[in-house]
Amino acid sequence: MEKETKSATTAEKPHYLGHRQRLRERFLKDEGRSMADYEILELLLTLAIPRRDVKELSKSLIKDFGSFAKILSAPQHQLAEYGLSQTAIAALKIVKASAIKMSWQELRDKDEPVISNFDYMIEYCRAAIGHSDIEEFRVLFLNANLRIIKEEIMQRGTVNNVAVHPREVVKAALENGAMSVILFHNHPGGNPKPSRNDVEMTKQIAEALNPLGIKLQDHIIITGNNHFSFREHGLLK
């Protein structure tokens with residue numbers, strides 16, 4: 001009888017437990033470099049949803065949102081519509097917050113001027129707002145050595161618009177003792193090309209900062225997989 005009980009208990013184990021173990025082993029071999037997006041997502045969700053097979057859910061999320069990064073940046077209410085619990089949503093947002101912190105610290109802690117680390121700059125901008133579904137305008141304040149003093153979120157807008165008044169940037173620059181600034185904002189639609197308003201706003205901010213001896217180093221427009229630099233395109237003096 002005892003043997004039959006053990007055999008029955010073994011047979012009742014969920015079929016996905018062995019699959020999860022194999023996923024973990026594959027992940028630890030190369031820390032996920034050889035795994036598909038849905039497999040990374042599946043492994044992450046198993047930590048938050050231990051008593052449910054989440055393979056098909058992971059595939060469905062990747063298909064509907066388009067990428068792992070877009071899932072991490074999705075609004076919480078959209079994730080909840082897929083039946084994700086608060087714990088599961090928190091797990092996803094922790095991964096996003098960790099990625100942003102890593103990118104920020106790599107950018108901030110470099111010994112060279114921040115403008116000489118353009119790849120790190122783009123990586124941070126993309127991690128921070130590249131996959132957001134609304135426009136967000138941020139400013140990096142730099143000291144005389146072009147090292148980062150601080151970052152501030154100046155404004156959050158709509159799906160296709162964000163407005164920042166030059167005096168807001170000037171005031172923040174003076175309060176932070178900045179000698180120069182870098183502007184960046186996102187285009188949720190995916191096209192990094194600056195609008196007429198983007199160009200005019202950049203010009204007005206540069207003209208407002210110039211009499212105070214504060215230089216506008218760059219304005220970067222970021223998307224999920226592309227960017228536009230005013231400095232690279234010769235749109236800043």
Q: As a quick check of understanding, evaluate ring pair (Phe, Tyr, Trp, His ring centres under 6.0 Å) for His233 and Phe228, giving each step before the final call.
A: CA-CA 8 Å; His233 285 79; Phe228 183 98; 4.0 Å; yes

Q: When you look at CZ of Arg167, are more than 12 heavy atoms from neighbouring residues, nucleotides or ligands closer to it than 6.0 Å?
A: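 Not more than 12 within 6.0 Å, no.
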
Q: Is the backbone N or O of Gly189 less than 3.5 Å from a side-chain atom of His187, with the two atoms forming a donor-acceptor pair by type?
A: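 Answer holds: no.
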
Q: Please confirm whether the backbone N or O of Gly224 pairs with a side-chain atom of Arg126, one donor and one acceptor, at under 3.5 Å?
A: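 Present.
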
Q: Can you find a pair of side-chain heavy atoms, one from Val139 and one from Ile182, that are under 4.5 Å apart?
A: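 No, every pair of side-chain atoms sits at 4.5 Å or beyond.
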
Q: What's the separation between atom CD1 in Ile89 and atom NE2 in His77, rounded to the nearest 0.5 Å?
A: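 Result: 10.5 Å between the selected atoms.
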
Q: Has Gln105 got a side-chain atom pairing as donor or acceptor with Met102's backbone, closer than 3.5 angstrom?
A: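 No.
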
Q: Can you name the nearest heavy-atom pair linking Glu106 to Tyr120, along with the distance?
A: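 Nearest pair, atom of Glu106 first, then Tyr120: OE1-CE2, 3.7 Å.
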
Q: For the OG1 atom of Thr46 and the CZ atom of Arg20, what is their distance to the nearest 0.5 Å?
A: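 Atom-to-atom, Thr46:OG1 and Arg20:CZ are 5.0 Å apart.
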
Q: With a 3.5 Å distance limit and no angle check, can you tell me whether Asn143 reaches the backbone of Asn145 through a side-chain donor-acceptor pair?
A: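 Here the side-chain-to-backbone pair exists.
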
Q: So, does Lys215 use its side chain to make a donor-acceptor pair with the main chain of Val181 at under 3.5 Å?
A: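 Pair absent, no side-chain N/O of Lys215 close to backbone of Val181.
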
Q: Taking the side chain from Asn176 and the backbone from Ile149, do they hold a donor-acceptor pair closer than 3.5 Å?
A: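 Checked: no pair found.
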
Q: Backbone N or O of Asp30 within a donor-acceptor pair of the Arg33 side chain at under 3.5 Å?
A: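 Judged by distance alone, yes, a pair lies under 3.5 Å.
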
Q: Would the distance check show the side chain of Ser116 and the main-chain N or O of Glu112 forming a donor-acceptor pair, the cut-off being under 3.5 Å?
A: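 No, because the side chain of Ser116 does not come within donor-acceptor range (under 3.5 Å) of the backbone of Glu112.
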
Q: Should Thr223 and Asn226 be marked as a side-chain hydrogen bond (donor to acceptor under 3.5 Å, both in side chains) after you check the CA-CA gap, both sets of side-chain angles, and the distance that decides it?
A: CA-CA 5 Å; Thr223 69; Asn226 211 337; 5.5 Å; no

Q: Measure the CG-CE distance between Leu107 and Met121 for me, rounded to the nearest 0.5 Å.
A: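 Nearest 0.5 Å value for the CG-CE distance: 5.0 Å.
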
Q: Hey, what do you get for CD1 (Ile115) to OG (Ser180), rounding to the nearest 0.5 Å?
A: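 OG of Ser180 is found 7.5 Å from CD1 of Ile115.
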
Q: Give a yes or no on this: more than 12 heavy atoms of other residues, nucleotides or ligands lie within 6.0 Å of atom CD of Gln76.
A: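 No - once you tally the heavy atoms of other residues, nucleotides and ligands closer than 6.0 Å, there are 12 at most.
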
Q: Are any non-hydrogen side-chain atoms of Lys96 and His131 less than 4.5 angstrom apart?
A: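 Result no, sub-4.5 Å side-chain heavy-atom pair not found.
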
